[in-house]
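Remarks on the structure that follows.
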Amino acid sequence: MTHHVTYVGVLGIVGIVLIVLVLIVWIAMTVRAARNPTQSGARGAGTKRGDNTGGVIHGSPAQQNRRDEAPRQD
């Protein structure tokens, strides 16, 4: 009986240590991401995406919503 209690106790301690380590890593990653939101290889130079003229970006006509009335089935 003593061996069983010791085994469960060791597993409990290992589990708590793992949970604490995971929480520390998660908090550290969250703080680091908040301080450095982007990781660019150029360090400060963003990707050239062309001129931003505002408005709506139009893609393929197949991906646009239809504006006309739907066909009726009488």
Side-chain angles (χ1 to χ4, degrees):
M1 185 72 174
T2 306
H3 178 67
H4 177 69
V5 172
T6 305
Y7 183 69
V8 171
V10 170
L11 287 180
I13 292 172
V14 170
I16 290 173
V17 169
L18 284 175
I19 290 172
V20 169
L21 287 175
V22 168
L23 284 174
I24 290 171
V25 169
W26 178 56
I27 291 170
M29 289 175 64
T30 304
V31 169
R32 184 169 184 240
R35 291 184 182 169
N36 296 329
T38 58
Q39 294 294 327
S40 173
R43 293 285 178 205
T47 305
K48 181 63 177 165
R49 298 181 184 196
D51 295 332
N52 184 3
T53 57
V56 178
I57 299 172
H58 295 286
S60 167
Q63 296 176 346
Q64 295 178 3
N65 292 335
R66 293 183 59 141
R67 305 250 185 236
D68 57 343
E69 189 174 330
R72 297 179 184 256
Q73 299 286 334
D74 289 331

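- Residue Val17 is not grouped with residue Trp26 when hydrophobic side chains (ILVMFWY) are merged at heavy-atom distances under 4.5 angstrom, including chains of intermediate members.
- Hydrophobic clustering, with ILVMFWY side chains joined whenever heavy atoms are under 4.5 angstrom apart, keeps Val22 apart from Val14.
- With values rounded to the nearest 0.5 angstrom, Leu18 atom CG is found 10.5 Å from Leu11 atom CG.
- Looking at heavy atoms from C-beta onward, Leu21 lies out of side-chain contact with Val25 at the 4.5 angstrom threshold.
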